[in-house]
Amino acid sequence: MITTTSPLKPPLRRARRLRRTQALRGLVRETSLDPRSFVYPVFAAEGVQGSRPIPSMPGQAQHAVAELKRVAAEVAGLGVPGILVFGVPEAKDAVGTGGWARDGIAQRAIRALKDAQGEALTVVADLCLCEYTDHGHCGLLTATGEVDNDRTLEAYQRVAVSQAEAGADVIAPSGMMDGQVAAIRAALDESGFSGIPILAYAAKYASGFYGPFREAAGSTPQFGDRRAYQMDPANRREAMVELDRDLEEGADLLMVKPALAYLDVLADARARHQVPLGAYNVSAEYAMVKAAAERGWIDERRIVLEILTSIRRAGADFVITYHALEAARWLSEG
Ligand code: PBG
């Protein structure tokens, strides 16, 4: 029971004043969400007719090159400015030769997308070898089965040049080898591609959230895991060292990956650097939303837009997301 007799003093500050109407809330909103800050990841697959759905990523599929052109038209039509291309080859070998073949699946896809869309769509080439090696690791192996950093850099140089020759607008190395940005920058410059920017997967963690992607890309390591080259999820300060180093090596854009479990890292990165910063809203982040939505447990549209807003609020200029197309549609509906 309240025993005091003193009259209640009304609060001077009332936060609710600015929340009263939709228009007022819009006026004071700090973060915007717009399809122009989305990049849509796609899988170009060899040996696929049309599209082959990816079971753990409902709504996503591996696409034949011809089908990918149709997808690209849809992406551009929705106002999404960028597409991130992954190649899924039929044949693999120990060194990932398919990764830098002139007529490799990624190179063919990049060429087709540029032919079809020209400057309407920015084509970002993911640069890694895990889709092309028979052991599924992101680089070449030593005799004892470790990933050989420096030999892998030479292979990455070949991949980068082949992707630039195919017409890629941006090269995005995701293998987490030391010195990969510098090696790729040097190779691109030497081959006449000094104008092609590098998007560094700078702070990329060894994450369970890549599970569905590995099914989609056929890139699961056949032994061991990626903890000897990707970052330990427990480390926050180390991410700043990775970002600094990639910038020193010549990266033009930086990325944190995954996004949701690493928003602290993203916020730190934003506070520290002025260059364009992205976050990768990865496959399991997408799959979890889809699974819960399928069961009717969540309001999918509301949750997707909230997730994307939170990634932007934490500091991302752009978000790489499998939700890009549906989110662009929802945003245009208002
Ligand atoms: C390739 C690569 C991976 C992802 C992007 N590039 C997989 C991995 O590192 O194992 C994951 C993307 C996703 O989960 O959506 N190295």
Side-chain angles (χ1 to χ4, degrees), residues 38-45 54-62 82-89 92 96 98-99 105-106 124-133 135-140 147 149 152-153 155-156 159-160 163 168 170-178 180-181 184 198-233 242 255-262 278-291 307-308 311 316 318-325:
F38 299 156
V39 174
Y40 184 56
V42 293
F43 301 95
I54 301 162
S56 56
M57 300 174 72
Q60 308 303 311
Q62 297 178 340
I83 201 163
L84 173 64
V85 178
F86 293 96
V88 187
K92 303 177 189 244
I105 179 62
V124 184
D126 180 90
L127 191 166
C128 196
L129 287 177
C130 59
E131 301 94 344
Y132 303 92
T133 53
H135 45 74
H137 278 288
C138 298
L140 281 56
V147 176
N149 193 89
T152 299
L153 293 184
Y156 283 2
V159 180
Q163 291 173 333
V170 180
I171 307 292
S174 65
M176 290 300 279
M177 295 300 122
D178 289 318
Q180 63 184 12
V181 172
I184 290 164
I198 294 175
L199 163 58
Y201 283 72
K204 177 174 176 180
Y205 287 86
S207 172
F209 287 94
Y210 307 150
F213 172 94
R214 291 180 186 170
E215 177 192 339
S219 66
T220 308
Q222 297 305 299
F223 64 91
D225 54 43
R226 304 208 202 290
R227 285 177 230 252
Y229 41 103
Q230 298 179 346
M231 285 181 61
D232 184 335
E242 286 280 3
M255 191 210 296
V256 172
K257 176 188 176 188
L260 287 184
Y262 300 86
Y280 198 142
N281 175 217
V282 298
S283 55
E285 297 173 9
Y286 175 84
M288 293 191 303
V289 171
K290 290 290 165 184
I307 284 173
L308 296 173
I311 296 170
F318 58 97
V319 186
I320 301 173
T321 179
Y322 304 97
H323 293 295
L325 303 190

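Read the numbers this way: they start at 1 and go in the same order the structure lists the ligands and their atoms. We're numbering straight along the sequence, starting at 1.
- In this structure, Gln230 has a heavy atom closer than 4.0 Å to ligand 1.
- Tyr201 and Asp126 form a side-chain donor-acceptor contact under 3.5 Å, judged by distance and modelled atom types alone.
- The side-chain heavy atoms of Tyr280 and Tyr210, taken from C-beta on, include no pair separated by under 4.5 Å.
- Checking Phe213, Tyr210, Tyr205 against atom 3 (C) of ligand 1, the nearest heavy atom belongs to Phe213.
- Atoms of ligand 1 found under 4.0 Å from any heavy atom of Cys130 (numbered from 1 in listed order, with element): 1 (C), 16 (N).
- Residues Glu285 and Tyr322 bring no donor and acceptor atom of their side chains to less than 3.5 Å of each other.
- Checked by atom type and distance alone, the side chain of Gln222 pairs as donor or acceptor with a backbone atom of Thr220 at under 3.5 Å.
- Looking at heavy atoms from C-beta onward, Asp232 lies out of side-chain contact with Arg227 at the 4.5 angstrom threshold.
- Contact between Ser174 and ligand 1 is present, with at least one heavy atom of the residue lying under 4.0 Å from the ligand.
- Summary of contacts: the protein heavy atom closest to atom 16 (N) of ligand 1 is Lys204 NZ, 3.0 Å.
- Phe223 has its ring centre less than 6.0 Å from the ring centre of His137.
- With hydrogens and angles left out, the side-chain atoms of Ser219 and Glu131 include no donor and acceptor closer than 3.5 Å.
- Taking every non-hydrogen atom of Arg226 and a distance limit under 4.0 Å, the qualifying atoms of ligand 1 come out as 8 (C), 9 (O), 10 (O).
- Near Tyr280, with a cut-off below 4.0 Å to any heavy atom, the atoms of ligand 1 are 12 (C), 15 (O).
- Using cut-offs of 30° and 60° on the angle between ring planes, the pair Phe213 and Phe43 is tilted.
- Taking 4.0 Å as the cut-off, Lys257 counts as a neighbour of ligand 1 on heavy-atom distance.
- Contact annotation for Phe209 and ligand 1: only backbone heavy atoms (N, CA, C, O) come within less than 4.0 Å of the ligand.
- Within ligand 1, the atoms closer than 4.0 Å to a non-hydrogen atom of Tyr322 are 12 (C), 13 (C), 15 (O), numbered from 1 in the order shown.
- The proximity of Ser283 to ligand 1, defined as any non-hydrogen pair under 4.0 Å, involves the side chain as well as the backbone.
- Close contacts of ligand 1 with Asp126, meaning ligand atoms under 4.0 Å from a residue heavy atom, involve 6 (N).
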